[in-house]
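One structure below.
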Amino acid sequence: MKPIVRIAPDVGWLPVSFANVYFIGRPGGKWVLVDAGPPERASEIVQAAEARFGTGSRPEAILLTHGHADHVGSALHLAEKWDVTIWAHHLELPYLTGKSPYPPADPTVGGAMAFLSRFFPARTTHLGERVRPLPQSKVPGLTGWEWIAAPGHSPGQVAFFRESDRVLLAGDAFATMDLDSWSGLPSGRQQLSRPPSPFTCDWDATRTSLQTLSKLRPHVLGCGHGIPLSDPGLPDRFEEFAVRFRPPRRGRYVREAARTDENGIVGLPPAPFDPVPFVTMGALVLVGIALGAGYFDEKRN
Ligand SMILES: [Zn+2]
Ligand SMILES: [Zn+2]
């Protein structure tokens, strides 16, 4: 079992498959879970939590930074096991209660994750009565923390911030690894980077949110993807990253964002032509013809 790694005295980090979850609280005391990992990973999260907080321990709340499947996949399972409420920004609720799908992924935006996004199944999440909107100016289960709207990657994306030691848990408002790079993706090298590009539906809002978050000058930074960051140069580096931030050059949501409201999708820019499935299909057909013709059959006379 992977142990929870401490990034602040009472904040623990656990990478679950490809997405991070965070635990806030001290052993023996009350605690909350921030994000809930991909589907089918509930037992891994429970085991890690029990190793830190004690057998049978349960959190006060499950807080979501947003509702993409890699952050919410195990949420319902966990909420039912622990009998706790899941909290998310109200603009994220249509995608968590089956009212609306998320704006479709954009595989044409470029980069490693965009290419791979063609093979990710689109999932819809139904948390039913378990999910509730985050209350104004309060974070359920925590004191000393605030939630900050950071839309762009998703309409109701939020970050959680504690001013006393400047810990920022930012979800997918951005990332601490380069998900667009074929070398950055497997290596996981720490780097302030764009949020997961193919799933980001408003790039102008993403930039504005980054500028808002960078002004908090966090000392500890934990995102949904990548190893958390904490070093003396971080606040300045983060501000510079936000100032220099540029959206990708092309992509469905680069010039025009997806329009959404409290009921979900209102309007979408047209889907750009994506040649890759056709090229892949064409290659497979050619391989099929070649196999049929015995082209690869070395024993053929
Ligand atoms: Zn996301
Ligand atoms: Zn994510």
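When a ligand or atom number is given, it counts from 1 through the structure's own listing order.
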- In Å and rounded to the nearest 0.5 Å, what is the CG to CG distance from Leu14 to Asn20?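 It comes to 8.0 Å.
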- Distance-only side-chain donor-acceptor flag, Ser197 / Asp180, under 3.5 Å: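 There is such a pair between these side chains.
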- Message: Ring centres under 6.0 Å, that's the criterion: do Tyr253 and Phe199 meet it?
- Response: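 Here the rings of Phe199 and Tyr253 have centres that are no less than 6.0 Å from each other.
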- Message: The test is side chain to side chain contact (heavy atoms under 4.5 Å, CB included); show your working for Leu168 and Leu213 and say whether it passes.
- Response: CA-CA 8 Å; Leu168 180 69; Leu213 296 178; 4.2 Å; yes
- Item | the Zn ion (ligand 1) to nearest N/O/S of His71 below 2.8 Å |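 Looking at His71, which is the residue asked about, there is no N, O or S atom under 2.8 Å from the Zn ion (ligand 1).
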- Backbone or side-chain N/O/S of His66 under 2.8 Å of the Zn ion (ligand 2):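 Given the 2.8 Å cut-off, His66 does not count as a ligand of the Zn ion (ligand 2).
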- Message: Below 2.8 Å, can you find an N, O or S atom of His225 next to the Zn ion (ligand 2)?
- Response: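 Here the distance criterion (N, O or S atom, under 2.8 Å) is met by His225, so yes.
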- Message: Can you tell me which N/O/S atom of Asp70 has the shortest distance to the Zn ion (ligand 2)?
- Response: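 Among the N, O or S atoms of Asp70, the one closest to the Zn ion (ligand 2) is OD2.
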- Query: Do you know which N/O/S atom name in Asp172 is closest to the Zn ion (ligand 2)?
  - Reply: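 That would be atom OD2.
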- Message: How about CZ on Arg217, more than 12 heavy atoms from neighbouring residues, nucleotides or ligands closer than 6.0 Å, or not?
- Response: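 Yes, because the 6.0 Å sphere around CZ of Arg217 holds more than 12 heavy atoms from other groups.
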- Item | For the Zn ion (ligand 1): the N/O/S atom of His68 at shortest distance |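 That would be atom ND1.
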